[in-house]
Amino acid sequence: MPELPEVETIRRDLTKHVVGKLVQRVEVRKAKLIQGSRAVFRRALIGARITRVSRRAKQLILELSSGYVALVHLKMTGQLVWRSRGGMLTVGGHPIISVNTVPNKFTYVTLRFSDGSALFFNDVRQFGYWRAVPLAELAVVHAHLGPEPLSSAFTPQVFWAALQRRGRTTIKAALLDQSVVAGIGNIYADESLYVARLRPSRRVASLRTVETAALFRAICSVLRKAVAARGTSFNSYVDGLGRQGTYWERRLVYGRTGEACRRCGTLFKRTVVAGRGSHWCAHCQH
DNA sequence: CGGAGTGTTAGTCG
DNA sequence: CCGACTAACACTCC
């Protein structure tokens, strides 16, 4: 599901609601969604306060007063729903699941807070996971991840160097590789490649310096705009406050197969690259 | 009804 | 080591 802009949006919303909350109870209804020891997971959370909500790549990080962090990955269909004591719902994540009742049959993890509010984790496909990690080990757990594209660690030089490691593959596969850049998924890979005028199937080794530079700028600009729009994942639902992400209407190529390219009017193609549906303009992208 | 497709990624196989 | 492919699962769409 969510890529960097969506997870970042959830992080910001969640921060407002859960920071400072004391975890009173933890309910796990599907043990396999908890990575590692369930006992450690419960110990890390129960009785702890949430001190901060951060993000790395597509993972949410609930920082806890116990010295642990709880990592949450939503994968394809994960969803976090916060419910106030009064019953108000706030949603982040995948829109498939009806939120009118929580918990529902897709609710697999629940955190109950001492003030009567609760955080529900729903996941239709059950690909997502939660994991407790000592704060001191977080860097090791995330060692395989590349730079955050919206941070100062992401520079043209760093990007170029990371791409060198994936010279033989396609640029699409490289963008989806979280060790190259952290947080890009299928939608923003296609959007960035369109802006940079590069075909998804281009071999990384064939990229010229100016093309790599254009792609670097495209990634930054696409992700920045998507974050500002609160992402795309929330297109088919409106939460209790009437908010929804608006990038979906503004997307340039993703899911626009057969529609006209706004630059040249050519109809967009859809092919499979790196095993993923890829959308692109055969005239503008080379 | 059957088959393909879905915003992810860890693991396997060559 | 590297890259391609698939499984994990439930549901929608054609």
Side-chain angles (χ1 to χ4, degrees), chain A residues 1-10 29-36 55-60 71-80 91-98 104-108 121-131 141-146 162-193 200-205 222-223 226-227 229-237 244-258 270-279:
Chain A
M1 94 34 103
E3 305 179 31
L4 184 154
E6 291 75 37
V7 181
E8 178 60 21
T9 300
I10 296 167
R29 279 180 34 201
K30 187 71 89 168
K32 70 162 188 176
L33 299 190
I34 307 299
Q35 288 192 347
R55 179 190 59 74
R56 180 78 169 101
K58 301 168 190 169
Q59 289 184 352
L60 279 168
L71 301 182
V72 185
H73 202 308
L74 303 172
K75 289 284 185 89
M76 298 279 277
T77 54
Q79 178 187 59
L80 287 169
V91 190
H94 205 272
I96 284 179
I97 307 160
S98 165
N104 57 49
K105 67 172 183 166
F106 300 116
T107 304
Y108 296 121
F121 173 73
N122 306 331
D123 191 353
V124 170
R125 292 177 74 177
Q126 304 174 33
F127 292 172
Y129 62 81
W130 286 58
R131 175 180 181 184
V141 169
H142 283 161
H144 66 288
L145 293 172
L163 285 178
Q164 299 314 297
R165 291 186 292 109
R166 302 300 310 272
R168 324 165 67 91
T169 192
T170 59
I171 188 60
K172 172 84 181 235
L175 290 184
L176 295 176
D177 182 341
Q178 301 298 295
S179 73
V180 172
V181 190
I184 297 177
N186 206 30
I187 294 177
Y188 299 111
D190 281 5
E191 296 289 295
S192 301
L193 289 168
S201 57
R202 266 293 285 282
R203 295 285 148 181
V204 173
V222 164
L223 292 179
V227 169
R230 296 178 52 82
T232 69
S233 301
F234 313 122
N235 52 309
S236 62
Y237 93 92
Q244 61 180 62
T246 57
Y247 191 85
W248 184 253
E249 302 116 56
R250 300 163 52 175
R251 74 203 195 282
L252 301 169
V253 269
Y254 183 86
R256 293 204 184 276
T257 314
R270 181 189 183 281
T271 60
V272 174
V273 180
R276 313 294 302 278
S278 300
H279 312 76

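Because only heavy atoms are used, hydrogens play no part in the values below, and waters and symmetry mates are left out as well, while side chains stay in. Convention: sequence-line order gives letters A, B, ...; per-chain numbering from 1.
With hydrogens and angles ignored, the 3.5 Å screen pairs a side-chain donor or acceptor of A:Arg165 with a backbone N or O of A:Ser179.
Distance CD/A:Glu8 to CZ/A:Arg55: 4.5 Å, rounded to 0.5 Å. Rounding to the nearest 0.5 angstrom, the gap separating the CG atom in A:Asp190 from the CZ atom in A:Arg251 is 11.5 Å.
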Original post:
Between A:Asp123 and A:Lys75, is a salt bridge (charged side-chain N to carboxylate O under 4.0 Å, His left out) present by the stated rule, with each step listed?
Top reply: CA-CA 9 Å; A:Asp123 191 353; A:Lys75 289 284 185 89; over 6 Å; no
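The number of heavy atoms from other shown groups lying within 6.0 Å of CZ (A:Arg29) is above 12.
Whole-Å rounding puts the A:Tyr129 OH to B:dA10 P distance at 6 Å. As rounded to whole Å, 11 Å separates atom C1' of C:dA10 from atom NZ of A:Lys32. With rounding to whole Å, A:Leu176 atom CG is found 14 Å from C:dG3 atom P. A:Leu80 places its CG atom 20 Å from the P atom of B:dG7, with the value rounded to the nearest Å. Atom C1' of nucleotide C:dA8 and atom OH of A:Tyr108 are separated by 13 Å, given to the nearest angstrom. Spacing between atom CZ of A:Arg270 and atom C1' of B:dG7 amounts to 13 Å, rounded to whole angstrom units. C:dA8 atom C1' lies 8 Å from atom NZ of A:Lys75, rounded to whole Å. Atom CZ in A:Phe127 sits about 12 Å away from atom P in B:dT9, given to the nearest Å.
Within the 4.0 Å cut-off from OP1 or OP2 of B:dT8, not a single side-chain nitrogen or oxygen of A:His73 is found. For the OP1/OP2 pair of C:dG3 and a distance below 4.0 Å, the side-chain nitrogens and oxygens of A:Arg166 include at least one atom meeting the criterion. The phosphate of B:dT6 has neither OP1 nor OP2 within less than 4.0 Å of any side-chain N or O from A:Thr77. Phosphate contact (OP1/OP2 of C:dC11, side-chain N/O of A:Lys105, threshold under 4.0 Å): present. Side-chain nitrogen and oxygen atoms of A:Arg276 include none within less than 4.0 Å of the OP1 or OP2 phosphate oxygen of C:dT6. The side chain of A:Lys58 contributes an N or O atom lying less than 4.0 Å from OP1 or OP2 of B:dT9. Residue A:Tyr188 places none of its side-chain N or O atoms closer than 4.0 Å to OP1 or OP2 of B:dG7.
Taking the side chain of A:Asn186 as heavy atoms from C-beta on, and the options C:dA4, B:dT6, B:dT8, the nearest nucleotide is B:dT8. With C:dC9, C:dA4, B:dG7 as the candidates, the nucleotide lying closest to the side chain of A:Glu3 is B:dG7. Nearest nucleotide to the side chain of A:Thr232, out of B:dT8, B:dG7, B:dT6: B:dG7. The A:Ile187 side chain lies nearest to B:dG7 when the options are B:dG7, C:dC9, C:dC2. In this structure, the nucleotide among C:dG3, C:dC9, B:dT8 sitting nearest to the side chain of A:Arg168 is C:dG3. Ranking C:dC11, C:dC9, B:dT9 by closeness to the A:Gln178 side chain, first place goes to B:dT9.
With hydrogens and angles left out, the side-chain atoms of A:Lys172 and A:Asn186 include a donor and acceptor closer than 3.5 Å. Looking only at atom types and distance, the side chain of A:Glu191 has a donor-acceptor partner in the side chain of A:Tyr247 under 3.5 Å away.
With both pairing distances under 3.5 Å, B:dG7 is matched to nothing as a Watson-Crick or G-U wobble pair. Checking B:dT12 for Watson-Crick or G-U wobble geometry (two distances, each under 3.5 Å) identifies C:dA4 as its partner.
Heavy-atom nearest nucleotides on DNA chain C were determined for A:Gly167 and for A:Arg125, and the one closer to the 5' end corresponds to A:Gly167.
Rounded to whole Å, the separation between the P atoms of C:dC14 and B:dG7 comes to 15 Å. As rounded to the nearest Å, C:dT6 and B:dA4 have P atoms that lie 12 Å from one another. To the nearest whole angstrom, the two P atoms, one in C:dC9 and one in B:dC1, are 23 Å apart. One P atom belongs to B:dG3, the other to C:dA7, and the distance between them is 16 Å to the nearest Å.
Note on A:Gly185: only backbone sugar-phosphate atoms sit closer than 4.0 angstrom, heavy atoms only; bases stay farther off.
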